[in-house]
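Lettering follows sequence order; numbering is per chain, from 1. Here the structure is a predicted model, which is why all the values come from computation and not from measurement.
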Amino acid sequence: MAKELLKGNEAIAEAAIRSGLEAYFGYPITPQTELLEWLSKRMPELGRTFMQAESELAAINMVYGAACTGARVMTSSSSPGISLMMEGISYIAGTEVPVVLVDVMRAGPGLGNIAPAQSDYNQIVHGGGHGDFRPIVLAPASVQESIDLTVEAFELADRYRAIVVVLIDGSIGQMMEPAELPPMRHIDRQRPTWAVTGAKDRDRRILSSIYIDPENEEETNLRILERWKEIEANEMRYKEYYLEDAELVVVGFGTAGRVALSAVRAARAEGIPVGLLRPITVSPFPYARIKELSNLACGMLVVEMNTGQMLLDVQAAVGGKIPVEFYGRMGGVVPLPDEIHEEISRLCYEPVAPSADPRESWMDRMDLAKN
Amino acid sequence: MGLNPQVETVYKRPTTFTPATTHYCPGCTHGVAHRLVAEVLEEMNLQEKTIGVASVGCSVFAYNYFDCDFVEAAHGRAPAMATGIKRVLPDRIVFTYQGDGDLASIGMAEIVHSAARGENITAIFINNANYGMTGGQMAPTTLPGQKTTSSPMGRDIENNGFPIRTAEMLATLDGAGYIVRRSLHDPTNIRKAKKAIRLAFETQERGLGFSMVELLSTCPTNWGMNPIQSLQWIEEHMIPYFPLEDFKVSPILSQVRI
């Protein structure tokens, strides 16, 4: 396939179709809506299911029902809508059925605004509703990567009977870039052995997240954890840039990671030995790799479009061994490469003492910049 | 036929039931409603193509009693889950079994929009005027003045407003094909209820849109009555507020002979 100029949201929608998406249920919300609109035209064209639900709550539960039939299903939303979907996400995890969810993040809390942010890291990576489970979360940084990871999301969801989230922010959803779509995949109509399809010529099947006997629920929690350990062992993904000889490591995912790469390149051009680690799976999180890097580097800088949500995971991995600094923009403000470059230079030339909460000095610098 | 060839079996356990004993309280009419649904599924030969959607409330374990494929929904979301199933498998029979807290309170949006879309599913709606599973709290169907554990002085309409007549409300929607209310308080009404459940599934089989049978049901344990008193209470108190009527019947159904 040739490269085309594609908008992030539409590229994800088309990639899902070509991955064999059989049913989509969603609800309009900016900055995600083009994804729903694209599917509203394409899915009926192909004789597949598209439905605009009455709410995100209904959408996720429709997806839940459709997933129980063993169909390839997806929904998408943006931060406030994802909050509403938390109930269904937990039930899907508890029932162990595969679902792909796209979260095109915007700024919050509350209504916030419709500008790009990474404010859902906690609600998705450490959240996903009540109970004991972890979703797989993929964080692309470009339109092409969004396409590739959408394709992969369906494979992972099926392989682990798990919920897989494609986590982007509004800027990736809205921007147009040259990218290549995968070829159309034939839909495999064979239903998995656990699917609920009507008990014809077989014993009946029940799909439920209820385990009324605490010992059975404990067993289920353990089974889900064991599967998670398998995911951690096999599905960890991250990208490394200029880390071979890096004394300073920048860590950022999605758009923040992409902007940080420009800053890292500019700093490298000045001779600063800096590199970038960009987690692709923010869940499972690359703790081990970050720990290794903390043995090689003398400082880390975490860059996010929030007030330091992933920061805590990086700190946990580093364990106080080297200073971890933080730079964030939020509320819908995207950091510029120059801002991150300045932080890199500061860390390189000014001694930094390890601190329990690097956000304190960052907040001071933010105040100075304002005044 | 057994030992005596003259003896004819006139009553037996439907094959659409599992051997499980239900967990329902003595005198509760959930068991009657379950049986009517099971009989209809058997008579219409739907067992192999039916997917049930259990809800949250006393009927949360409904999947243990019906011998067909089942899923268990979150509280109130059974119609959304049923929609997801039906849209992917349109030739299957999909039904929800929901109580009044589930369907008419937390799940009101889901049931209204399923009916409005003409979603080709069937909802069996148990109205027993309280939240049974959690111990008898006030429901959207609790009658004015009715005492519950969360309205100990009786439902105060100044504070809590009025009960919702769900069937009447859904019948205003063009997508609804069959909406009726029946009661389970005596044999005559039980027979009428069965006929209604049959017609609801016939509605779905014929693709005539959303169907719902609201069933006035007893809750002797939480009402603080014996089974007989609770049957009388339906007749004397519930039926005057919740009339037993056909609110919407697709004209095509008049041709259905059962």
Side-chain angles (χ1 to χ4, degrees), chain A residues 22-25 27 43 47-73 75 84-92 94-95 97 99 129-130 189 191 194-212, chain B residues 15-18 20 23 41 45-56 60-96 106-117 119 121:
Chain A
E22 291 173 70
Y24 171 92
F25 306 85
Y27 187 81
M43 292 294 273
R48 306 184 193 178
T49 301
F50 167 87
M51 190 189 289
Q52 181 171 325
E54 65 269 25
S55 67
E56 288 91 347
L57 203 53
I60 192 78
N61 282 286
M62 288 174 185
V63 159
Y64 179 24
C68 288
T69 70
R72 278 213 152 165
V73 295
T75 184
L84 271 174
M85 288 185 177
M86 283 297 156
E87 174 191 84
I89 294 172
S90 172
Y91 280 73
I92 287 163
T95 310
V97 288
V99 165
H130 64 280
R189 286 276 173 196
R191 299 289 176 217
W194 46 260
V196 157
T197 54
K200 189 170 168 55
D201 305 324
R202 61 161 171 79
D203 288 341
R204 74 197 191 101
R205 294 174 186 154
I206 298 167
L207 284 175
S208 162
S209 63
I210 296 188
Y211 296 93
I212 204 74
Chain B
T15 55
T16 43
F17 260 157
T18 66
H23 67 287
L41 293 178
N45 198 23
L46 296 176
Q47 188 170 12
E48 292 185 337
K49 60 187 278 197
T50 295
I51 300 166
V53 184
S55 63
V56 175
V60 69
F61 298 122
Y63 54 79
N64 283 332
Y65 312 132
F66 292 100
D67 193 7
C68 62
D69 273 10
F70 244 92
V71 297
E72 167 59 51
H75 197 23
R77 317 291 172 237
M81 221 180 162
T83 297
I85 295 167
K86 187 75 181 187
R87 291 286 172 136
V88 175
L89 302 173
D91 60 344
R92 305 304 200 279
I93 294 294
V94 181
F95 79 95
T96 70
I106 195 165
M108 188 56 107
E110 284 77 9
I111 200 74
V112 168
H113 285 272
S114 295
R117 283 192 303 268
E119 207 63 59
I121 59 172

Contact class of B:F66 relative to chain A, heavy atoms under 4.5 angstrom:
backbone
Is chain A contacted by the side chain of B:R87, its backbone, both, or neither, given a heavy-atom distance below 4.5 Å?
both
State the CD1-NE2 distance between A:I212 and B:H23, to the nearest 0.5 angstrom.
9.5 Å
Could you pull out every donor-acceptor pair under 3.5 Å between side chains of residues 50-59 of chain A and any protein atom, sequence neighbours left out?
unit_1 : atom_1 : unit_2 : atom_2 : d
A:E54  : OE1    : B:R117 : NH1    : 3.0
A:S55  : OG     : A:L57  : N      : 3.3
A:S55  : OG     : A:A58  : N      : 3.0

Give a yes or no on this: more than 12 heavy atoms of other residues, nucleotides or ligands lie within 6.0 Å of atom CG of B:D91.
yes
Please report the shortest heavy-atom distance between B:G84 and A:F25, naming the atom on each side.
CA-CZ, 3.8 Å
B:F61 versus A:I210: any side-chain heavy-atom pair under 4.5 Å?
yes
Applying a strict 4.5 Å limit to non-hydrogen atoms, the region of A:R48 in contact with chain B is neither
Bottom line for B:I51: the part with an atom under 4.5 Å from chain A's heavy atoms is side chain
Of all heavy-atom pairs linking B:I85 and A:G65, the shortest is CG1-O, 3.3 Å
Going from CZ on A:R202 to CD on B:E48, what distance comes out if it is rounded to the nearest 0.5 angstrom?
10.0 Å
Checking A:I60 against chain B: side chain, backbone, both or neither under 4.5 Å from a heavy atom?
neither
Check: A:R205 main-chain N/O paired with B:D69 side-chain donor or acceptor under 3.5 Å
yes
Taking every non-hydrogen atom, the tightest pair across A:S208 and B:Y63:
OG-OH, 4.3 Å
Rounded to the nearest 0.5 Å, how far does CD1 of A:I206 lie from CG of B:N64?
6.0 Å
Tell me, for A:V196 versus chain B, whether the close heavy atoms (under 4.5 Å) come from the side chain, the backbone, both or neither.
both
Engaged part of A:T197 at the chain B interface, taking heavy atoms whose separation is under 4.5 Å:
both
Residue set satisfying salt bridge (charged side-chain N to carboxylate O under 4.0 Å, His left out) with A:R72, at least two apart, ordered chain then number -> A:E155, A:D158
Of the listed B:R77, B:E72, B:R92, B:K49, the one with the largest count of heavy-atom pairs under 4.5 Å with chain A is B:R77
Nearest heavy atoms of A:C68 and B:M81, plus distance in Å
SG-CE, 3.8 Å
With side chains defined as the heavy atoms from C-beta onward, is the minimum distance between A:R204 and B:T18 less than 4.5 Å?
yes
